[in-house]
Amino acid sequence: MLITSIGQGLLWAPLAIGVFITFRILDIPDLTTEGSFPLGAAVTVSAMVSGQSALVASLLGFLAGCLAGWVTGVLDTKLRMPSLLAGILTMTGLYSINMHVMGKSNVPLLNQRVLTSYLPATWSVDLQTIIVGAVITGVVMAALIWLFKTRLGLSLMATGNNSAMSAANGIYTDRMVIIGYMVSNGCIALSGALIAQSNGYADIGMGIGTIVIGLASVLVGEIFLRGRQMWVRLTAMVVGAIIYRFLLTVAMGLGFPVDDLKILSAGILVVVICLPLIRNKYQTKQQLKRYLTQIGVDSHATANSSLKRQAPSEGLLSRDGK
């Protein structure tokens with residue numbers, strides 16, 4: 001169960017990284033995810049059926065996702081649409097585009113060689129999945145770590161932190177936002193390409209709920225790994241994707257039907273959103289208790305004294321009322 005979750009989590013990790021770029025770096029809620037994910041799957045599977053190798057087809061899926069991100073970025077920056085609406089429009093348009101790319105709602109991979117087929121056939125499917133997922137996710141992480149050390153990457157992060165100040169310092173913020181959309185949706189489409197090869201087909205509805213999966217993976221990863229360095233933050237996304245898949249696998253092992261996976265995903269997202277709030281509230285209470293102990297004040301005595309101070313004032317008011 002754990003080995004399978006690791007393999008599937010590594011395939012979903014580029015999705016979590018893509019959501020992380022828009023959600024955390026740019027501070028933008030991008031719903032293009034639910035269109036670019038099946039777009040990567042559709043382009044990859046269609047290219048493989050047409051005779052392209054799995055590696056070339058996966059690269060084409062990544063580029064298709066970058067193009068979808070460019071469209072959302074143009075709608076957001078050039079046409080001044082709200083980012084949420086821009087993502088919805090692109091997601092809606094991509095449904096028809098995916099249908100045209102595949103020609104039908106479902107395209108299977110029958111005799112085509114997927115990425116895991118290039119590994120020794122004596123290895124187990126889980127081991128092949130882990131190796132392919134680890135290599136591709138490692139390449140994506142290495143490329144992003146290098147990117148965010150360059151002037152372009154630093155400008156991208158500065159734009160997400162404070163776009164007004166970045167523009168005042170000569171950064172073309174619209175261009176940075178578009179690049180962020182492109183990189184994000186390229187990673188998301190790449191994840192769709194990997195999942196399609198793992199499942200053996202591309203389906204028009206496989207993008208439903210992917211934004212919830214991505215957000216849950218991001219938040220779960222941030223709970224278990226915290227740090228300011230980019231490699232730590234990206235590693236947290238991979239860890240979050242693996243833990244999220246493990247939780248779903250455990251739920252299915254407990255007898256939950258497959259049809260309930262979406263509501264389980266929503267439930268996990270609610271839990272991981274509430275956990276930091278509860279933890280912060282508890283830490284604040286503990287810090288206050290420690291502070292009162294250090295200065296020699298009893299919290300119960302403080303509460304009682306405050307009640308005693310309120311009593312004369314209430315009596316004075318009652319006498320004035322008389």
Quick one: closest heavy-atom pair of [X] and [Y], and the distance?
X: L10; Y: V238; result: CD2-CG1, 3.7 Å
X: A16; Y: A241; result: CB-CB, 4.5 Å
X: T90; Y: A68; result: CG2-O, 3.8 Å
X: L11; Y: S191; result: O-OG, 2.9 Å
X: S105; Y: M99; result: CA-SD, 4.0 Å
X: Y118; Y: S53; result: OH-CB, 4.0 Å

Tell me whether [X] contacts the main-chain N or O of [Y] through its side chain, where contact means a donor paired with an acceptor under 3.5 Å.
X: T22; Y: V19; answer: yes
X: S184; Y: G180; answer: no
X: Q283; Y: K281; answer: no

Cluster question for you: counting only ILVMFWY and a side-chain heavy-atom cut-off of under 4.5 Å, with indirect links fine, are [X] and [Y] together?
X: L67; Y: V56; answer: no
X: Y244; Y: I21; answer: yes
X: W12; Y: L31; answer: yes
X: V139; Y: M182; answer: no
X: W70; Y: I88; answer: no

Are the side chains of [X] and [Y] in touch, meaning some heavy atoms are under 4.5 Å apart?
X: I25; Y: M230; value: yes
X: V132; Y: Q128; value: no
X: L288; Y: K285; value: no
X: V45; Y: Q112; value: no
X: T137; Y: M237; value: no
X: T116; Y: W123; value: no
X: T4; Y: T249; value: no

Working to the nearest 0.5 Å, report the span between [atom1] of [X] and [atom2] of [Y].
X: T129; Y: I3; atom1: OG1; atom2: CD1; answer: 11.5 Å
X: Q52; Y: L60; atom1: CD; atom2: CG; answer: 6.5 Å
X: L190; Y: F37; atom1: CG; atom2: CZ; answer: 10.0 Å

With a 3.5 Å cut-off and sequence neighbours excluded, list the donor-acceptor pairs that the side chains of residues 142-158 form with protein atoms.
residue	atom	partner	partner atom	Å
T150	OG1	L147	O	2.5
T150	OG1	G153	N	3.3
S155	OG	R151	O	2.8

Does anything in residues 25-51 form a side chain to side chain donor-acceptor pair (under 3.5 Å)? List the pairs, not counting sequence neighbours.
D30-T32, D30-N185, T32-T72, S36-N185
Keeping to residues at least two apart or across chains, list the side chain to side chain donor-acceptor pair (under 3.5 Å) pairs with something in residues 170-182.
D76-Y181, R80-D174
Solution key, residues 195-205 side-chain donor-acceptor pairs under 3.5 Å, sequence neighbours excluded:
residue	atom	partner	partner atom	Å
Q197	OE1	L115	N	3.1
Q197	NE2	S58	OG	2.8
Q197	NE2	A193	O	3.4
S198	OG	Q8	NE2	3.4
N199	ND2	I195	O	3.4
D203	OD1	N106	ND2	3.1
D203	OD2	G205	N	2.9

Donor-acceptor pairs are to be reported for all side-chain atoms of residues 206-228 against protein atoms at under 3.5 Å, with residues two or more places apart or in another chain.
residue	atom	partner	partner atom	Å
T210	OG1	G207	O	2.8
S217	OG	I213	O	2.8
E222	OE1	R24	NE	3.3
E222	OE1	R24	NH2	2.6
E222	OE2	R24	NE	2.8

Under the side chain to side chain contact (heavy atoms under 4.5 Å, CB included) criterion, do L248 and R245 qualify, and how do the steps go?
CA-CA 5 Å; L248 289 185; R245 299 310 304 179; 3.6 Å; yes
Verify the neighbour count for atom CE of M165: are there more than 12 heavy atoms of other residues, nucleotides or ligands below 6.0 Å?
no
Let me see the working for I17 and M141 under side chain to side chain contact (heavy atoms under 4.5 Å, CB included), right down to the final yes or no.
CA-CA 8 Å; I17 293 173; M141 289 179 60; 4.0 Å; yes
Can you list every pair that meets salt bridge (charged side-chain N to carboxylate O under 4.0 Å, His left out) and has a residue in residues 246-258, with sequence neighbours left out?
none
